Structure formats: structure tokens, C-alpha cells
Participant: 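Pasting in a structure now, in C-alpha cells, and then I'll have a few things to ask.
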Amino acid sequence: VQELLRSHQSQNANYSKDQEKLGQLHKAEVDSLTERVEELKQDKKRLVEEYEAKLNKAQAFYERELEAMKRTQQMTAENLLAWKKTEAELRKEFQAQEAALQKTLGKLRSELQRVQEEARESREKSHKLQASLITAENNIK
């Protein structure tokens, strides 16, 4: 019985030593894993900070570009409105000039007709005077 007891105590001692070795191995592995978790947490924190910085930079760029596009669109709309206004003013000016030219043309046509009428009348008078002159010359001879 004593031998069995000694054998059992020896097995218990071996078992305790093995358990202690396993405990130390387990503790070392847990410590190693805890370090790895801390490293991963630091990496995660760094990656989140980098991502947020890049996201903020991209968002700022997007907002600047959007604002520039809005300004360009507004300037284009303003320029288009200005061109339309200028076109309308030029159209009115052209129509006024055209009306004035038509009126002047009408006056010139009337003047031309009057002058042509006067020229016709002068030619007729000239022909009559020539005829009278020829008749007078024939009577004098």
C-alpha cells in the first residue's frame, strides 16, 4: 500500500510539475497573445487615424471642388444672362437703325422721284425752247 501510495505521490508530484510547466507555458502564451493584442490595437488605432485623415482630406477636396463647380456654374449662368441681355439690346439697336435707314431710304426715293420729275420737266422745257429757238431762227431768215 505504501508503495502504491509512494507511486501515487510520485505521479502526483510529476503531475504537479507537469501542471506547473503547462501553467508557465500557458502564462507565456497568454502574455505573448496579450502583447499581440496590444500591437493589433495600436495598429488598428493608427489605421483608423490614417483613414480618418485621408477621409477628411478627401472630403475637403470634394467640398472645394464642389464649391468651385458651383461658382463656375453661377458664372456661366451670369455670363449667359449677360449675353442674352446684350443680344436683346443689340437687336433693339439694330431694329432702330433699320427703321431709321428705311425711313431715310423712303425719303431718298421720294427725293429721287421729285428730282427725276423735275429733270423730265426741264428736258421738256428744253425741248420746247429748242423748238421755239429753231422756229425763231427760221422766221428770221
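Keep in mind that this is a model prediction, so the values were computed, not measured.
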Participant: Taking Ser32 for its side chain and Ala28 for its backbone only, find out whether a donor-acceptor pair lies under 3.5 Å.
Facilitator: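 Flag not set: sc Ser32 to bb Ala28 has no pair under 3.5 Å.
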
Participant: To the nearest 0.5 Å, what is the distance between CG on Leu90 and NZ on Lys92?
Facilitator: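 Those atoms lie 11.5 Å apart.
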
Participant: Do the non-hydrogen side-chain atoms of Leu40 and Lys44 ever get within less than 4.5 Å of each other?
Facilitator: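 Answer no - side chains too far apart.
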
Participant: I'd like to check the salt bridge (Lys or Arg N to Asp or Glu O under 4.0 Å) partners of Glu111; sequence neighbours left out, ordered by chain and number.
Facilitator: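 Partners of Glu111 under the salt bridge (Lys or Arg N to Asp or Glu O under 4.0 Å) test: Arg114.
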
Participant: What I'd like to find out is whether the side chain of Glu87 reaches to under 4.5 Å of the side chain of Arg91, using heavy atoms alone.
Facilitator: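 A side-chain contact under 4.5 Å exists here.
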
Participant: Residues two or more places apart in sequence or in another chain: which of them pass salt bridge (Lys or Arg N to Asp or Glu O under 4.0 Å) with Glu93?
Facilitator: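 None.
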
Participant: Is atom CD of Gln73 surrounded by more than 12 heavy atoms (other residues, nucleotides or ligands) closer than 6.0 Å?
Facilitator: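 It does not: Gln73 CD has 12 such atoms or fewer within range.
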
Participant: Out of curiosity, Ile140 CD1 to Thr135 OG1, how far, rounded to the nearest 0.5 Å?
Facilitator: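 The CD1 atom of Ile140 sits 11.0 Å away from the OG1 atom of Thr135.
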
Participant: Is the backbone of Glu3 close enough, under 3.5 Å, to the side chain of Ser7 for a donor and an acceptor to pair up by distance?
Facilitator: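 No; judged by distance alone, with no hydrogens or angles, the pair does not exist.
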
Participant: Could I get the full list of salt bridge (Lys or Arg N to Asp or Glu O under 4.0 Å) partners for Glu124, not counting sequence neighbours?
Facilitator: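 In terms of salt bridge (Lys or Arg N to Asp or Glu O under 4.0 Å), with neighbours along the sequence ignored, Glu124 is linked to Arg120.
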
Participant: Distance from Leu81 atom CG to Thr86 atom OG1, nearest 0.5 Å?
Facilitator: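 Rounded to the nearest 0.5 Å, the CG-OG1 separation comes to 9.5 Å.
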
Participant: Closer than 4.0 angstrom, basic N to acidic O: yes or no for Glu121 and Lys125?
Facilitator: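 Salt bridge between Glu121 and Lys125, a charged N being under 4.0 Å from a carboxylate O: no.
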
Participant: Check whether Ser122 reaches the backbone of Glu118 with its side chain - one donor and one acceptor, N or O, closer than 3.5 Å.
Facilitator: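 Side chain of Ser122 to backbone of Glu118, a donor-acceptor pair under 3.5 Å: yes, one is there.
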
Participant: Kindly indicate, with the supporting measurements, whether the criterion side chain to side chain contact (heavy atoms under 4.5 Å, CB included) is fulfilled by Gln102 and Leu105.
Facilitator: CA-CA 5 Å; Gln102 288 291 345; Leu105 184 61; 4.2 Å; yes

Participant: Is the backbone N or O of Arg6 less than 3.5 Å from a side-chain atom of Ser10, with the two atoms forming a donor-acceptor pair by type?
Facilitator: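 Flag not set: sc Ser10 to bb Arg6 has no pair under 3.5 Å.
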
Participant: Can I get a per-line list of side-chain donor-acceptor pairs under 3.5 Å for residues 62-69, giving both atom names and the distance, sequence neighbours left out?
Facilitator:
none

Participant: Do Gln9 and Leu5 come close enough that some side-chain heavy atom pair is under 4.5 Å?
Facilitator: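 Side-chain contact under 4.5 Å: yes.
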
Participant: Hey, are the side chains of Glu98 and Leu101 touching, using non-hydrogen atoms and a 4.5 Å cut-off?
Facilitator: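 Glu98 vs Leu101: side chains apart.
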
Participant: Using the salt bridge (Lys or Arg N to Asp or Glu O under 4.0 Å) criterion, which residues pair with Glu39? Sequence neighbours excluded.
Facilitator: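 Here the qualifying residues are Arg36.
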
Participant: Going by atom types alone, do Glu78 and Gln74 pair a side-chain donor with an acceptor below 3.5 Å?
Facilitator: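 Side chains of Glu78 and Gln74: pair found under 3.5 Å.
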
Participant: OG1/Thr34 to NZ/Lys27 distance, rounded to the nearest 0.5 angstrom?
Facilitator: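 With rounding to 0.5 Å, OG1 (Thr34) is 9.0 Å from NZ (Lys27).
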
Participant: Hey, mind stepping through Arg46 and Glu50 against side chain to side chain contact (heavy atoms under 4.5 Å, CB included) and telling me if it holds?
Facilitator: CA-CA 6 Å; Arg46 181 184 51 80; Glu50 287 176 7; 3.0 Å; yes

Participant: Side-chain heavy atoms under 4.5 Å apart, restricted to Ile/Leu/Val/Met/Phe/Trp/Tyr: what other residues fall into the cluster of Tyr51, or is it alone?
Facilitator: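 Leu55, which link up through side-chain heavy atoms under 4.5 Å apart, make up the rest of the cluster.
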
